[in-house]
Amino acid sequence: MTQLDAAFAALSDPTRRAILARLAQGEATVQDLARPFPISQPAISRHLKVLEDAGLIETRIDGTSRPRRLNPEAVAQLWDWLGQYRALWEARYARLDDVLADLQQKDQP
């Protein structure tokens with residue numbers, strides 16, 4: 001499995017996406033990340049392991065604390081991959097807009 005495959009697999013879970021959204025605001029400990037979820041701290045730790053294995057988050061050692069933070073390089077790789085398709089879809093939507101405009105003109109008396 002490539003790093004990109006692992007990243008998209010990790011993003012398939014809504015809890016992991018919510019954790020990433022929280023980490024986009026700044027680094028946080030496991031306790032901070034577990035607080036809003038109705039699941040156990042070990043379950044959050046398993047989600048963090050998946051995100052870390054996918055390269056989407058990093059762990060910093062600060063004494064006995066291990067705060068997590070987003071890995072901006074991994075997020076940039078996702079954005080770059082998605083960006084390849086953005087231009088394609090924008091062109092398709094522009095063509096669809098043209099077709100719809102033509103149909104509207106033909107329908108007008």
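Numbers here simply count residues along the sequence, with the first being 1. What you see below is based on every heavy atom in this structure, not just the backbone, and it leaves out hydrogens, waters and symmetry mates.
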Just by modelled atom types, is the P67 backbone N or O under 3.5 Å from a matching donor or acceptor in the R69 side chain? no
Going by the rule ring pair (Phe, Tyr, Trp, His ring centres under 6.0 Å), which residues pair with W79 if we only count those two or more places apart in sequence or in a different chain? none
Residue pairs involving residues 87-96 (criterion side-chain hydrogen bond (donor to acceptor under 3.5 Å, both in side chains); sequence neighbours excluded): R86-E90
For A9, is there any backbone N or O sitting under 3.5 Å from a side-chain donor or acceptor partner on S12? yes
Pair I57, I19 - check side-chain contact (heavy atoms from CB on, under 4.5 Å), show working. CA-CA 10 Å; I57 65 171; I19 290 171; 5.7 Å; no
Any L23 side-chain heavy atom under 4.5 Å of L33 side chain: yes
Would you tell me whether T59 and R66 have side-chain atoms, one donor and one acceptor, within less than 3.5 Å of each other? no
Rounded to the nearest 0.5 Å, what's the gap from CG on L82 to CD on Q77? Could you check? 12.0 Å
Pairs touching residues 11-36 that satisfy salt bridge (charged side-chain N to carboxylate O under 4.0 Å, His left out), sequence neighbours left out: E27-R60, D32-R35
Would a single hydrophobic cluster contain both V50 and L48, if residues Ile, Leu, Val, Met, Phe, Trp and Tyr are joined by side-chain heavy-atom contacts under 4.5 Å? no
Mind running salt bridge (Lys or Arg N to Asp or Glu O under 4.0 Å) on D102 and K106 for me, showing each step along the way? CA-CA 6 Å; D102 286 345; K106 290 177 183 175; over 6 Å; no
Nearest 0.5 Å please: distance from the CG atom of L78 over to the CG atom of L20. 9.0 Å
Any donor-acceptor N/O pair, N71 side chain to E58 backbone, under 3.5 Å: no
Scan side-chain atoms only and decide if T2 and D5 contain a donor-acceptor pair under the 3.5 Å cut-off. yes
Provide the closest heavy-atom pair for A6 versus A54 in the form atom of the first, atom of the second, distance. O-CB, 3.5 Å
Hey, is CD1 on I61 packed in by over 12 heavy atoms from elsewhere, all under 6.0 Å? no
Can you tell me how far CD of Q41 sits from CD1 of I44, rounded to the nearest 0.5 angstrom? 8.5 Å
For the student: nearest non-hydrogen atoms of L51 and A10, plus distance: CD2-CB, 4.0 Å
